[in-house]
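Below: the structure, in structure tokens.
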Amino acid sequence: MIKYCLLLTFFFCSSVFGCGDDKIPISVVNSYDKIPTDDKRVEMLIVAPLEFEGFELNSAELFVGESMTVMHKFTDFDEYPSSGVYIVVGTLPFLKNSYASVTYVNKAVADGNGNVVFSPCLHNQRVDWGYNK
């Protein structure tokens, strides 16, 4: 019985809850307007706002088949102020078999005593390249 209580306590203490079904305005941009083929790569940008309605951009992951890797966020693009930009370069077969997941967390707020409070809330949004059909 104690074992189950400890497991439940651990589960609730380490849980992050999915919050908000609203879509965050994340866009996918073909940076050079080229058409990908089986042997010609294109550069795709994921442009995500750094902050949106109480959420702040946390991370993005690229999924290819059964594999996943964390993507690097760039924030110094003059064309996309107040946005995080993630870059993916790939051929048509790669783009058809991959997608990204962009993650937002609630912004930390200060309570009445000045303590910083974090909400265990996570917003995950799938991003397709437009070639997955």
Side-chain angles (χ1 to χ4, degrees):
M1 179 70 173
I2 292 175
K3 178 176 148 182
Y4 294 112
C5 289
L6 289 173
L7 284 172
L8 283 174
T9 302
F10 175 76
F11 173 74
F12 285 118
C13 290
S14 63
S15 292
V16 175
F17 301 98
C19 301
D21 292 332
D22 295 338
K23 294 281 186 191
I24 293 175
I26 299 170
S27 56
V28 175
V29 177
N30 183 327
S31 62
Y32 298 108
D33 284 330
K34 293 183 179 179
I35 304 296
T37 65
D38 287 352
D39 59 346
K40 293 194 182 188
R41 298 178 296 168
V42 295
E43 182 179 87
M44 303 298 288
L45 307 180
I46 297 172
V47 182
L50 292 173
E51 295 182 2
F52 184 78
E53 295 181 0
F55 286 98
E56 59 187 1
L57 182 59
N58 185 48
S59 64
E61 297 79 34
L62 177 66
F63 291 86
V64 183
E66 298 296 317
S67 301
M68 182 272 292
T69 188
V70 176
M71 299 171 69
H72 180 77
K73 174 176 59 180
F74 297 93
T75 56
D76 56 354
F77 278 72
D78 292 336
E79 307 94 294
Y80 307 109
S82 303
S83 295
V85 177
Y86 300 92
I87 301 171
V88 173
V89 177
T91 60
L92 184 60
F94 177 83
L95 295 172
K96 282 185 173 182
N97 295 304
S98 66
Y99 67 92
S101 178
V102 179
T103 305
Y104 283 81
V105 294
N106 273 32
K107 289 178 65 173
V109 295
D111 66 9
N113 298 327
N115 299 318
V116 177
V117 180
F118 294 92
S119 169
C121 190
L122 182 72
H123 176 86
N124 242 357
Q125 189 165 317
R126 180 180 169 133
V127 178
D128 289 309
W129 312 116
Y131 301 104
N132 303 63
K133 301 166 182 149

Tell me the side-chain hydrogen bond (donor to acceptor under 3.5 Å, both in side chains) pairs involving residues 40-50, sequence neighbours left out?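 Counting only pairs at least two positions apart or across chains, the side-chain hydrogen bond (donor to acceptor under 3.5 Å, both in side chains) contacts touching residues 40-50 are Ser31-Glu43.
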Pairwise distance [atom1]([X]) to [atom2]([Y]) - rounded to 0.5 angstrom:
{"X": "Ser59", "Y": "Asn124", "atom1": "OG", "atom2": "CG", "value": "7.5 Å"}
{"X": "Ser98", "Y": "Met68", "atom1": "OG", "atom2": "CE", "value": "14.0 Å"}
{"X": "Tyr86", "Y": "Glu61", "atom1": "OH", "atom2": "CD", "value": "8.0 Å"}

Taking side-chain hydrogen bond (donor to acceptor under 3.5 Å, both in side chains) as the definition, give me every residue that meets it alongside [X], ordered by chain and number, with sequence neighbours left out.
{"X": "Thr75", "result": "none"}
{"X": "Lys34", "result": "none"}
{"X": "Asn30", "result": "Tyr131"}
{"X": "Glu51", "result": "Lys107"}

Which residues satisfy the side-chain contact (heavy atoms from CB on, under 4.5 Å) test with [X], sequence neighbours excluded?
{"X": "Asp78", "answer": "none"}
{"X": "Val102", "answer": "Ile26, Ile46, Ala48, Leu57, Ala60, Tyr104, Val127"}
{"X": "Asp39", "answer": "Thr37"}
{"X": "Phe52", "answer": "Ile24, Pro25, Pro49"}

I'd like to know if the side chain of Trp129 and the backbone of Lys96 have a donor-acceptor N/O pair within less than 3.5 Å.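 Checking the backbone N and O of Lys96 against the side chain of Trp129, no donor-acceptor pair under 3.5 Å is found.
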Will you find, in the side chains of Thr103 and Asn58, an N or O donor that is under 3.5 Å from an N or O acceptor?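 Absent: no donor and acceptor within the cut-off.
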Using side-chain contact (heavy atoms from CB on, under 4.5 Å), reason through Phe94 and Val64 one step at a time and then give a plain yes or no. CA-CA 8 Å; Phe94 177 83; Val64 183; 3.6 Å; yes
Under the 4.5 Å side-chain heavy-atom rule for ILVMFWY, direct or indirect, which residues accompany Val89?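 Its cluster mates, by chain and number, are Val29, Leu45, Val47, Phe74, Phe77, Tyr80, Val85, Ile87.
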Under the salt bridge (Lys or Arg N to Asp or Glu O under 4.0 Å) test, which residues partner Glu53, sequence neighbours left out?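 Not a single residue meets the salt bridge (Lys or Arg N to Asp or Glu O under 4.0 Å) criterion with Glu53.
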Kindly determine whether Val105 and Glu56 satisfy side-chain contact (heavy atoms from CB on, under 4.5 Å), including the steps that lead there. CA-CA 6 Å; Val105 294; Glu56 59 187 1; 4.0 Å; yes
Sequence neighbours excluded, every pair satisfying salt bridge (charged side-chain N to carboxylate O under 4.0 Å, His left out) that has a member inside residues 66-76: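 For residues 66-76, and leaving out neighbouring residues, there are no salt bridge (charged side-chain N to carboxylate O under 4.0 Å, His left out) pairs at all.
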Taking every non-hydrogen atom, the tightest pair across Val88 and Met71: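 Result for this residue pair: CG2-CE, 3.2 Å.
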